[in-house]
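Right, one structure below, let's go through it.
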Amino acid sequence: MTHAFQTDDARLLPIADKVMARERLSFDDAVTLYQTGDILAVGWLANSVRERLHGDLAYFNVNRHINPTNVCVAACRLCAFGRKKDTDGAYTMALEEAWHTAASGYTEAVTEFHIVGGLHPDLPFEYFLDLVRGLKQRFPQVHIKAFTMVEVSFLAKRAKLSIRETLQKMKDAGVDSLPGGGAEIFADRVRHIICDHKIDGDDWINTARTAHQIGLKSNATMLYGHVEYDEDRVDHLMRLRDLQDETGGFQTFIPLAFHPDNTALSHLPKTTGMLDIRQIAVSRLVLDNFPHIKAYWQMLSEKIAQIALRFGADDLDGTVIEEKIYHDAGATTPQGMRRADLERLIRAAGRVPFERDTLYRPVVRTETSFTVVV
Ligand code: V47
């Protein structure tokens with residue numbers, strides 16, 4: 001770094017010393033990063049870590065979301081996507097329909113299917129295994145990132161299997177890694193308000209641990225901007241950091257800004273740009289053992305995601321054909337973006353676009369085919 005760190009908040013000086021010395025930040029340090037008024041200083045520190053790890057590269061991928069069903073028994077107050085069975089707007093894809101959906105959309109060859117859905121009361125475990133097997137048969141070159149820890153735990157109960165057996169069967173069927181959803185905020189007080197019937201924080205962590213132990217990488221998320229305190233966010237980050245020390249199985253952390261429209265929490269205000277940017281920066285600084293921090297453009301907007309690339313984020317996620325979960329909750333971003341548009345956003349942020357596969361290996365492509373460089 002050629003520039004010297006500057007701040008008008010003296011509480012940040014010892015934190016800056018630690019960041020520069022590559023030392024771990026404490027719980028109190030992290031709370032200070034949330035509470036200081038000097039957001040530019042926090043961003044400067046996060047950017048220095050981001051550039052130390054990734055230089056000017058900004059990663060993205062070409063992916064498609066598939067949500068096989070929105071039928072869900074959980075009725076989380078945070079969610080606008082789930083429906084009770086046989087109510088207006090409820091849907092469940094037949095397997096043929098899901099496979100057809102996978103093939104439709106833009107002509108660019110996708111490198112990843114991102115598959116998550118509701119907790120359906122009747123669909124058997126075999127439906128999900130067949131879904132994955134059918135996709136692997138039809139699209140053997142595409143990485144399947146499927147099922148949150150919450151879905152894994154629900155399907156394990158329904159199939160009367162252990163978490164390990166459930167994950168192993170998923171892996172044998174063709175699941176290559178797991179997405180980071182369902183983590184929300186681990187603290188019980190918050191979970192009781194926003195997602196009372198979901199697995200608790202310990203179960204989410206234990207399921208992720210088991211996934212990592214059997215060789216499945218995963219992501220991790222945190223839903224912020226609702227009824228949580230700064231301390232709840234820090235507790236969440238620390239619990240993820242602890243598990244990462246143990247397993248090394250997390251690839252990317254994705255802070256998710258809460259979208260209140262059409263949810264049971266619609267009286268809450270939307271997050272502000274300042275909170276979104278600060279959340280990216282604090283995540284980069286606290287999660288010193290996570291390789292990647294994702295600014296999920298669908299959730300944050302293209303503009304905030306661009307700024308995030310200079311506040312600690314190194315990844316924008318993907319082309320994301322057909323996003324449903326945030327659009328049901330009022331997101332106004334497009335439901336997908338072409339590769340060239342993502343590259344333009346990245347270049348305009350002064351970064352160098354780098355197409356990756358789900359495991360962050362370089363992808364070399366033409367419009368209709370690709371090769372992963374291993
Ligand atoms: O777990 C649901 C969140 C998550 C709302 O792993 C909402 O690469 C905001 O996890 N407002 C699912 N958020 C999405 C997810 C994800 C997204 C992109 C990439 C990856 C990855 C994972 O969406 C849920 C929940 O936390 N969510 N409803 C809402 N109203």
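Order of listing sets the numbers, starting from 1, for every ligand and every atom in it.
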Open item on the list: Can you list everything that forms a ring-ring contact (aromatic ring centres under 6.0 Å, His included) with F370? Sequence neighbours excluded, please.
Closed with: none

Task: Any residue meeting side-chain hydrogen bond (donor to acceptor under 3.5 Å, both in side chains) with D28, in chain and number order, not counting sequence neighbours - done: none

Task: Pairs where residues 80-101 contributes a residue and the test ring-ring contact (aromatic ring centres under 6.0 Å, His included) is met, not counting sequence neighbours - done: none

Open item on the list: Here's one to test your reading of the geometry: is the NZ or CZ of R189 within 45 degrees of the ring axis of Y229 and under 6.0 Å from its centre?
Closed with: yes

Open item on the list: Looking at Q35, I want to see if its CD is surrounded by more than 12 non-hydrogen atoms of other residues, nucleotides or ligands under 6.0 Å.
Closed with: yes

Task: More than 12 heavy atoms of other groups within 6.0 Å of K84 NZ - done: yes

Which protein N or O atoms sit under 3.5 Å from any N or O of ligand 1? Give atom names and distances.
from, atom 1, to, atom 2, distance (Å)
ligand 1, 1 (O), G182, N, 2.7
ligand 1, 1 (O), E184, OE2, 3.3
ligand 1, 6 (O), G180, N, 2.8
ligand 1, 6 (O), N219, ND2, 3.1
ligand 1, 8 (O), K145, NZ, 2.7
ligand 1, 8 (O), N219, ND2, 3.0
ligand 1, 8 (O), K294, NZ, 2.8
ligand 1, 10 (O), G181, N, 3.3
ligand 1, 11 (N), H259, N, 2.9
ligand 1, 26 (O), E184, OE1, 2.4
ligand 1, 26 (O), E184, OE2, 3.4
ligand 1, 30 (N), L78, O, 2.9
ligand 1, 30 (N), H259, O, 2.8

